[in-house]
Amino acid sequence: MVKILVRIRIVVAAIAVLMMAGFAMPAPAQQVNPTADSVSEQQLLRELNQIRGRGTIPDTKSYTIEQPRGRDWRYFHEVTLKWIGAIAILGTLGLLVAFYLIRGMVRIEAGRSGRTLVRFNAFERFVHWMTATCFIVLGLTGLDITFGKELLLPLLGPDGFSAWAQWAKYAHNYLSFPFTLGVVLICLMWVAWNFPTRLDLEWLKEGGGIVGNKHPPAERFNAGQKLIYWIVVLGGGAVAATGYIMMFPFYVTDVAGMQTTQMIHGIVSLLFVAAMLGHIYIGTIGMEGAFEAMGTGEVDLNWAKQHHSVWVEKELVQGRTAPPPSRAAATPAE
């Protein structure tokens with residue numbers, strides 16, 4: 001009986017040793033043909049929705065080699081966004097040139113009165129020009145990101161374009177902060193005058209004194225200026241918010257969110273530039289006397305009556321106009 005138990009133990013021990021040896025042996029490597037239909041790219045994308053590798057760094061997002069939305073984003077950035085920008089900006093420039101050739105400059109019909117009215121104080125003008133200067137630099141450096149390779153690279157060469165692009169990126173990032181401050185201050189300074197009223201509907205019906213020769217009444221800001229105000233506040237706020245998300249990536253969203261953020265930033269920025277071209281046109285060659293409002297802060301009384309009659313009446317009641325120049329001051333001494 002004892003011999004039988006000893007034999008059973010030997011058999012059990014032998015079986016156990018064989019099983020352990022079997023588990024310890026490495027499995028034969030599976031040979032994968034990357035060109036085979038079973039592991040084709042389309043099947044991987046369908047099954048996993050992305051192609052991932054392996055890595056040792058903490059940022060696991062970098063392990064993703066390819067993803068379908070990344071292709072969509074690349075096509076948008078390389079093709080679609082360029083078309084949006086070209087149509088919006090070149091289209092706006094073409095319309096402004098055609099309008100100027102047909103309409104010409106909007107003149108002060110009654111001529112200059114010699115009396116002026118304070119339209120914007122020094123602080124308002126400082127905020128405007130700070131924001132405008134930052135916007136111009138941000139616009140040019142942003143357009144470089146979208147169109148630089150096609151327009152500047154052939155002219156500057158690889159080394160010159162690389163140096164320009166690097167400094168343009170620095171300027172784009174750092175000037176975003178005073179630009180954002182300017183947008184916030186503009187919002188707070190002028191929000192009280194920029195809510196829609198019934199006068200705005202009449203202004204739009206009459207073409208605002210720009211289309212045609214009628215000059216409908218308007219408050220301190222007419223409907224067109226109110227539209228520019230909300231474009232600056234909402235559009236500027238949108239490009240600032242999306243810009244900071246891209247400057248500090250992955251704090252609030254994932255890779256897909258970053259791609260969407262860049263799309264929004266690109267579209268809004270290009271439309272913002274196109275809208276500001278219209279604003280610049282009206283404030284310079286499009287309307288006589290308009291630039292003085294932000295240049296010196298004062299406008300001619302007849303200009304104000306022609307374009308902002310309701311506002312002028314309130315200012316006259318409060319005695320805020322400058323007296324006309326005296327004859328002695330106007331006539332040079334003999």
Side-chain angles (χ1 to χ4, degrees), residues 88 92 95-96 99-100 102-113 115-121 123-125 127-128 131-132 182-238 268 271-272 274-295 297-322:
T92 300
L95 289 174
L96 292 176
F99 185 80
Y100 181 78
I102 297 172
R103 177 67 169 85
M105 176 180 283
V106 178
R107 300 290 182 179
I108 302 175
E109 294 181 352
R112 293 183 178 271
S113 66
R115 300 176 64 187
T116 58
L117 188 65
V118 175
R119 182 144 175 82
F120 298 110
N121 60 38
F123 180 73
E124 290 174 312
R125 298 199 308 278
V127 172
H128 172 272
T131 310
V183 170
V184 172
L185 291 175
I186 286 174
C187 176
L188 297 176
M189 286 191 310
W190 295 327
V191 65
W193 293 279
N194 279 282
F195 291 107
T197 65
R198 291 183 177 179
L199 286 178
D200 297 328
L201 295 176
E202 295 299 323
W203 189 91
L204 292 172
K205 290 179 181 178
E206 298 294 339
I210 299 175
V211 179
N213 295 317
K214 295 183 179 180
H215 299 287
E219 291 274 2
R220 186 185 185 190
F221 296 108
N222 56 43
Q225 292 165 330
K226 290 178 181 179
L227 178 61
I228 292 295
Y229 169 86
W230 288 112
I231 289 175
V232 170
V233 171
L234 299 179
V268 175
L271 296 180
F272 197 2
M276 289 303 102
L277 290 176
H279 176 62
I280 294 170
Y281 167 80
I282 293 296
T284 53
I285 63 174
M287 180 178 292
E288 181 185 8
F291 183 80
E292 298 163 12
M294 278 299 173
E298 298 180 349
V299 294
D300 188 85
L301 181 59
N302 284 345
W303 179 92
K305 287 180 178 179
Q306 181 172 320
H307 299 290
H308 301 275
S309 57
V310 177
W311 173 69
V312 170
E313 292 175 3
K314 295 178 181 178
E315 295 295 302
L316 291 177
V317 170
Q318 299 178 12
R320 293 181 178 174
T321 58

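In this chain, numbering begins with 1 at the start of the sequence shown.
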Next on the checklist: Using side-chain contact (heavy atoms from CB on, under 4.5 Å), reason through Val106 and His307 one step at a time and then give a plain yes or no.
Outcome noted: CA-CA 11 Å; Val106 178; His307 299 290; 4.0 Å; yes
Item to check | CA sep, side-chain torsions, deciding dist, call: Leu96, Leu277, side-chain contact (heavy atoms from CB on, under 4.5 Å) | outcome: CA-CA 9 Å; Leu96 292 176; Leu277 290 176; 4.2 Å; yes
Checklist entry - Run the side-chain contact (heavy atoms from CB on, under 4.5 Å) check on Ile186 and Val127 step by step: do they pass? => result CA-CA 7 Å; Ile186 286 174; Val127 172; 3.8 Å; yes
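When all heavy atoms of Trp303 and Gly289 are compared, the closest pair comes out as NE1-C, 3.9 Å. Across all their heavy atoms, Ile228 and Ala275 have their closest contact at CD1-O, 4.2 Å. Nearest heavy atom pair, residue Ile285 against residue Tyr100, reads O-CE1, 3.6 Å. Taking both residues in full, the closest heavy atoms of Ala274 and Ala88 are given as CB-O, 3.7 Å, listed atom of the first, atom of the second, then distance. Between Gly111 and Asn302 the shortest heavy-atom distance is O-ND2, 2.7 Å. Summarising the geometry of Gly237 relative to Val183, their closest heavy-atom pair is N-CG1, 4.2 Å, with the distance given to 0.1 Å.
Judged as a side chain to side chain donor-acceptor pair (under 3.5 Å), the pairs with a partner in residues 103-112 (not counting sequence neighbours) are, in order, Glu109-His215, Arg112-Glu292.
One finds a salt bridge joining Glu124 and Arg220 here, because a Lys/Arg side-chain nitrogen approaches an Asp/Glu carboxylate oxygen to under 4.0 Å.
Side-chain contact check for Ile210 versus Ile282: some heavy-atom pair is nearer than 4.5 Å. Within the 4.5 Å cutoff, the side chain of Glu298 has no heavy atoms near those of the Leu117 side chain. Side-chain contact between Gln225 and His308: present, with at least one pair of heavy atoms (C-beta onward) separated by less than 4.5 Å. Tyr281 is not listed as a side-chain neighbour of Met287, based on a closest heavy-atom distance of 4.5 Å or more.
In this structure, Asn222 contributes its side chain and Ala218 its backbone to no donor-acceptor pair below 3.5 Å. A side-chain donor-acceptor contact under 3.5 Å links Asp300 to the backbone of Ser113. Checked by atom type and distance alone, the side chain of Tyr229 pairs as donor or acceptor with a backbone atom of Cys187 at under 3.5 Å. Checking side-chain atoms of Trp230 against main-chain N and O of Asn194 turns up a donor-acceptor pair under 3.5 Å.
Every salt bridge (charged side-chain N to carboxylate O under 4.0 Å, His left out) that Lys226 has, sequence neighbours left out, goes to Asp200. Listed by chain and number, the residues in a side-chain hydrogen bond (donor to acceptor under 3.5 Å, both in side chains) with Glu206 amount to none (sequence neighbours excluded).
Cation-pi geometry between Arg119 and Phe221 is met: the NZ or CZ atom falls under 6.0 Å from the ring centre, inside 45° of the normal.
Atom CZ in Phe120 sits 8.5 Å away from atom CE in Met189 (nearest 0.5 Å). The distance from the CZ atom of Phe123 to the NE2 atom of His128 is 14.0 Å, given to the nearest 0.5 Å. One finds the CD atom of Glu315 at 13.5 Å from the NZ atom of Lys305 (value rounded to the nearest 0.5 Å).
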